[in-house]
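Labels below follow one simple rule: chain letters A, B, ... track the order of the sequence lines, proteins then strands, and each chain is numbered from 1.
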There are 2 protein chains.
Amino acid sequence: MDWGSLSAFVAVAERGGFSAAAEQLHLTQPAVSKRIAQLEQDLEVRLFDRLGRQVVLTEAGRLLLPRARQMLAEADAARRALQDLGQDIGGRPCCAALPRCTRGWRWTSASWIRSRPMPRCWAATWSWR
Amino acid sequence: MDWGSLSAFVAVAERGGFSAAAEQLHLTQPAVSKRIAQLEQDLEVRLFDRLGRQVVLTEAGRLLLPRARQMLAEADAARRALQDLGQDIGGRPCCAALPRCTRGWRWTSASWIRSRPMPRCWAATWSWR
DNA sequence: TCAAGTTACGCCGCGCGTAAGCATT
DNA sequence: AATGCTTACGCGCGGCGTAACTTGA
């Protein structure tokens, strides 16, 4: 179970078909088919009944759908919250929140700090020279 | 963001170190390190401050932790619900819930049905000869 | 000197797209 | 015929483990 499969599942359920879902997801039809097949195999449950060319949710699929939506929303909310944090934090450096760092900026060797990408929350207040 | 990275994140946060987390996850230490690095890059946020050999959650990490736990629990609950469904459904076939199938069992050609694995929810009531 | 995290590197497996096969309408 | 899902196949990328490096205790 991964987010790719879940979004494919929701897309197929909402659009009522694999090709329509593929279009929405910017994928090809076989890719969507594979994702669904993999999800079904992973969960050991069939999620859609393929009635000729019509695609209908099984009972298991109907049970999963709202949960899948919630999981996707949850992930999206987490991502958004972290983005907002990056903006809100503004002048307050991460350092101030750490137990051992109340007395200064550099709690470890500058070379170590300099060797890695600058954390977003420092960007506004600190720069290494 | 994938479940593998999230579980690695939670494990590191709970155990307070990468090697302990690796042991819990049945992975090697570099694998855990890579997962965290990838998650941080994906979210564009640093999740842990490496204070020498001590690992401490950043503000972003503290914000993510409960959400990550919830997402993992959510996925687990969904999986469990589907398993329970497979047992509970017992005698009731998927077919009865479908719009076009109120009159009979076989809503499409038997060859088509026979060509694919038997859905779990049929197993108790139906078998093809 | 040891412990712990990161980087380098080779390898295997997964996931996608193209193309072909099959069934429904 | 045409549409739509599945399977086959080849390829490229991602993730893991082993090994080597770096640094803090």
Item to check | Check: A:D42 side chain, A:M1 main-chain N or O, donor-acceptor pair, under 3.5 Å | outcome: yes

Item to check | Residue B:K34, side-chain atoms from C-beta onward, closest of C:dC16, D:dC16, D:dT6 | outcome: D:dC16

Checklist outcome for this item: Whole-Å distance, B:D42 CG to D:dG14 P, equals 12 Å

Checklist entry - Counting side-chain heavy atoms from CB outward, which of D:dC16, C:dC16, D:dT6 is closest to A:S33? => result D:dT6

Checklist entry - Between A:A20 and B:P30, which is nearer to the 5' end of DNA chain D once each is assigned its nearest nucleotide? => result A:A20

Item to check | Protein-nucleotide distance (B:L51, atom CG; D:dG24, atom P), rounded to Å | outcome: 11 Å

Next on the checklist: Assess whether a salt bridge exists between B:E14 and B:R69, defined as any Lys/Arg side-chain N lying under 4.0 Å from an Asp/Glu carboxylate O.
Outcome noted: yes

Item to check | Distance in angstrom units between A:E23 CD and D:dT3 P, rounded | outcome: 14 Å

Item to check | A:Q29 side-chain N/O to D:dG4 phosphate OP1/OP2 under 4.0 Å | outcome: no

Item to check | side-chain N/O B:T28 vs D:dC16 OP1/OP2, d < 4.0 Å | outcome: no

Next on the checklist: I need the CD1-P distance between B:I36 and C:dT7, as an integer number of Å.
Outcome noted: 14 Å

Next on the checklist: Students often get this wrong, so: under 4.0 angstrom with heavy atoms, is A:G17 touching a base, only sugar-phosphate, or nothing?
Outcome noted: sugar-phosphate

Checklist entry - Within the pair A:S19 and D:dT3, is there a side-chain N or O less than 4.0 Å away from OP1 or OP2? => result no

Item to check | Sole residue of A:R50, A:E23, A:R35 in side chain to side chain contact (heavy atoms under 4.5 Å, CB included) with A:F18 | outcome: A:R50

Item to check | Between C1' of D:dC13 and CD of B:Q38, the distance in whole Å | outcome: 12 Å

Next on the checklist: Out of the candidates B:V10, B:L43, B:T58, B:V45, only one should pair with B:L64 under the side chain to side chain contact (heavy atoms under 4.5 Å, CB included) rule; please name it.
Outcome noted: B:L43

Next on the checklist: Strictly below 4.0 Å: does B:R50 bring a side-chain N or O up to OP1 or OP2 of D:dG24?
Outcome noted: no

Item to check | Rounded interatomic separation in angstrom, taking CZ from B:F48 and C1' from C:dT6 | outcome: 15 Å

Checklist outcome for this item: Between CG of B:L27 and P of C:dG5 the distance, given in whole Å, is 14 Å

Next on the checklist: Is there a side-chain contact between B:Q54 and the phosphate of D:dG24, meaning an N or O under 4.0 Å from OP1 or OP2?
Outcome noted: no

Checklist entry - CH2 of A:W3 versus P of C:dG15: gap in Å, rounded? => result 16 Å

Next on the checklist: What I want to find out is whether B:D76 reaches B:R80 closely enough, with some N-O distance under 4.0 Å, to be called a salt bridge.
Outcome noted: yes

